[in-house]
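I have placed the structure first, in the form of structure tokens, so that the comments after it can refer back to it.
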Amino acid sequence: MLGPVILAASRSDRMRRLVSAAPVTKQVVDRFIPGETVDEIVPIIEDLTAKGLELTMDVVGEDITTPEQAEAARDAYLELIDRLKGLELGTRAEMSVKLSMFGQALPGGHELALANVRPVVEAAAEIGTTVTLDAEDHTTLDSMFAIHEELRKDFPQTGCVIQAYLFRTEADARRLAVNGSRVRIVKGAYKEPAEVAYQDKAEIDKAYVRITRILMEGSGYPMIGSHDPRLITIAQELARRAGRKLDEYEFQMLYGIRTEEHLRLAAEGHRMRVYTAYGTDWYGYFMRRLAEKPANLRFFARSMISKG
């Protein structure tokens, strides 16, 4: 399987230099990451929302090694929120954050991440929107869920992400599928050992369906993070069986992948949210997108051959 190999490459300084130096890289990266600064991303936000789409914004960043870097990540989100305020989009533009960017892996990281993310959640609430805590590798999840629970005491709209390939996730879904919760279900994009996660694609898909059913039958707000047409159709059927209206759940897809499907779902009346990343530290995010889906890797390889 290529996915684990690509994920390993995402942590390689040598591969980072090689990919970054390739002449075609910027053109391909732009497919997934449409800007590096707030000024560049605001027109993208305006364009997508004008088309009836919603967004969740991610300021990309990797390898936070100092408290100062974690504070800089916090400030980058605060800058984004300040610009979103003038657009008056409310929950049509929310934010996704990785707690590792806020210092979670540093000494005292749990408390540091909570201290850094709280001002972002507060500022988002002040402009009428919210924040979703992204899931990372399984060793970080207990901390993420504890921070999520703490934030929800004051900001109950704070969302979180669960990953279908982890054995623990069905139990997490049952715990989280409660009134007022917002939960995004994804397959998972980190290299996880067989002791904690399904390794077979078919088993992951089955788990995804089981977990989606739990969320749809619960009293929270499910967010279906998938580009898989079959899983999207199944989610629609599970929502129908659960008696959910179109505004009682939503679909989420990555910027640059299946763009026409974004528009089709929105035209049908679904809430369709586009996960839109921006920033200069794009390498780790870009490599995970390649690892998630072979078609993304083929797209990059074809571009390298034709443009290199």
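Below, all heavy atoms of this structure are taken into account, side chains as well, without hydrogens, waters or symmetry copies.
Put simply, the side chain of Ile45 reaches to within 4.5 Å of the side chain of Leu55, judged on heavy atoms. Side-chain contact between Leu133 and Val161 is absent, with no heavy atoms from C-beta onward closer than 4.5 Å. The shortest side-chain heavy-atom distance between Leu99 and Thr140 does not fall under the 4.5 Å cut-off. Residues Arg74 and Val120 meet the side-chain proximity criterion, which asks for heavy atoms closer than 4.5 Å. Residues Arg152 and Cys160 fail the side-chain proximity criterion, which asks for heavy atoms closer than 4.5 Å. Between Glu71 and Leu112, every side-chain heavy-atom pair lies at or beyond the 4.5 Å cut-off. You'll find the side chain of Met57 reaches within 4.5 Å of the side chain of Leu80, heavy atoms only. Side-chain contact between Leu151 and Val117 is present, with heavy atoms from C-beta onward closer than 4.5 Å.
With hydrogens and angles ignored, the 3.5 Å screen pairs a side-chain donor or acceptor of His262 with a backbone N or O of Ile257. Distance alone, capped at 3.5 Å, is enough to place a donor-acceptor pair between the Gln163 side chain and the Glu136 backbone. The main-chain N or O of Pro34 is never found under 3.5 Å from a side-chain atom of Glu40 such that the two would form a donor-acceptor pair.
Looking at residues two or more places apart in sequence or on another chain, you find a side chain to side chain donor-acceptor pair (under 3.5 Å) between Asp39 and Arg83.
Of all heavy-atom pairs between Ser226 and Asp228, the closest is OG-N, 3.0 Å. Taking each heavy atom of Leu53 and Ala266 in turn, the nearest pair found is CD2-CB, 3.8 Å. Considering every non-hydrogen atom in both Ile33 and Tyr278, the closest pair reads CG2-CA, 3.7 Å. Contact record, Ser143 with His110: OG-ND1, 2.8 Å, taken as the closest heavy-atom pair. Closest non-hydrogen pair, Lys98 versus Tyr190, comes out as CE-OH, 3.9 Å. Smallest separation of non-hydrogen atoms from Pro119 and Leu78: O-CD2, 3.7 Å.
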Q. What do the steps show when you test Ile162 against Leu215 for side chain to side chain contact (heavy atoms under 4.5 Å, CB included), and what is the final call?
A. CA-CA 11 Å; Ile162 55 178; Leu215 296 178; 4.3 Å; yes
Q: Begin from the C-alpha positions of Ile232 and Phe251 and carry the test side chain to side chain contact (heavy atoms under 4.5 Å, CB included) through to its verdict.
A: CA-CA 8 Å; Ile232 290 169; Phe251 292 104; 3.7 Å; yes
(Q) Checking Gln236 against Glu268 for the side chain to side chain contact (heavy atoms under 4.5 Å, CB included) test, could you report, in this order, the C-alpha distance in whole Å, the side-chain angles of both residues, the deciding distance, and whether it holds? (A) CA-CA 12 Å; Gln236 289 173 312; Glu268 290 182 355; 4.0 Å; yes
Q: Before giving the answer on ring pair (Phe, Tyr, Trp, His ring centres under 6.0 Å), spell out for Tyr255 and Tyr275 the whole-Å C-alpha distance, their side-chain angles and the decisive distance to 0.1 Å.
A: CA-CA 6 Å; Tyr255 181 92; Tyr275 191 109; over 10 Å; no
Q: Kindly determine whether Arg168 and Asp142 satisfy salt bridge (Lys or Arg N to Asp or Glu O under 4.0 Å), including the steps that lead there.
A: CA-CA 11 Å; Arg168 65 173 288 171; Asp142 286 340; 3.0 Å; yes
Q: Please report the C-alpha distance between Asp172 and Leu166 in whole Å, then the side-chain angles of each, then the deciding distance to 0.1 Å, and finally whether the side chain to side chain contact (heavy atoms under 4.5 Å, CB included) criterion is met.
A: CA-CA 10 Å; Asp172 288 330; Leu166 296 176; over 6 Å; no
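Atom CD of Glu237 has more than 12 neighbouring heavy atoms from other residues, nucleotides or ligands inside a 6.0 Å radius.
Checked against the 6.0 Å centroid threshold, Tyr77 and Phe102 count as a close aromatic pair. Ring-centre distance between Tyr221 and Tyr249: not below the 6.0 Å cut-off.
Between the side chains of Thr132 and Ser96, no donor-acceptor pair of N or O atoms lies under 3.5 Å. In summary, the side chains of Thr49 and Glu54 do not present any donor paired with an acceptor at a separation below 3.5 Å, with no hydrogens or angles considered.
To the nearest 0.5 Å, the span separating CD on Glu88 from OG1 on Thr129 amounts to 13.5 Å. Atom CZ of Arg118 is separated from atom OG1 of Thr158 by 9.0 Å, given to the nearest 0.5 angstrom. To the nearest 0.5 Å, atoms CD1 (Ile185) and OG1 (Thr212) are separated by 5.5 Å. Residue Gln157 holds its CD atom at 10.0 Å from CD of Glu94, rounded to the nearest 0.5 Å. With rounding to the nearest 0.5 angstrom, the CD atom of Gln69 is 5.0 Å from the CD1 atom of Ile64. Leu176 contributes atom CG, which lies 13.5 Å from atom CZ of Arg184 (distance to the nearest 0.5 angstrom).
Criterion: ILVMFWY side-chain heavy atoms under 4.5 Å apart, direct or through other members. Under it, Val121 and Met95 are part of a common hydrophobic cluster. No path of Ile, Leu, Val, Met, Phe, Trp and Tyr side chains, each step under 4.5 Å between heavy atoms, connects Val186 with Ile234, placing them in separate hydrophobic clusters. In the hydrophobic clustering of this structure, Val178 does not group with Met144; members are Ile, Leu, Val, Met, Phe, Trp, Tyr whose side-chain heavy atoms approach within less than 4.5 Å, directly or through other members. Linking ILVMFWY side-chain heavy atoms closer than 4.5 Å, directly or via other members, places Leu114 and Met101 in a single hydrophobic cluster. Under the 4.5 Å side-chain heavy-atom criterion for Ile, Leu, Val, Met, Phe, Trp and Tyr, Leu254 and Met223 are members of distinct hydrophobic clusters.
Just one of His138, Glu192, Lys187 meets the side-chain contact (heavy atoms from CB on, under 4.5 Å) condition when paired with Tyr165; it is Glu192. Considering Arg273, Arg244, Arg92, Lys245 as possible partners of Glu250, the one that fulfils the salt bridge (charged side-chain N to carboxylate O under 4.0 Å, His left out) test is Arg273.
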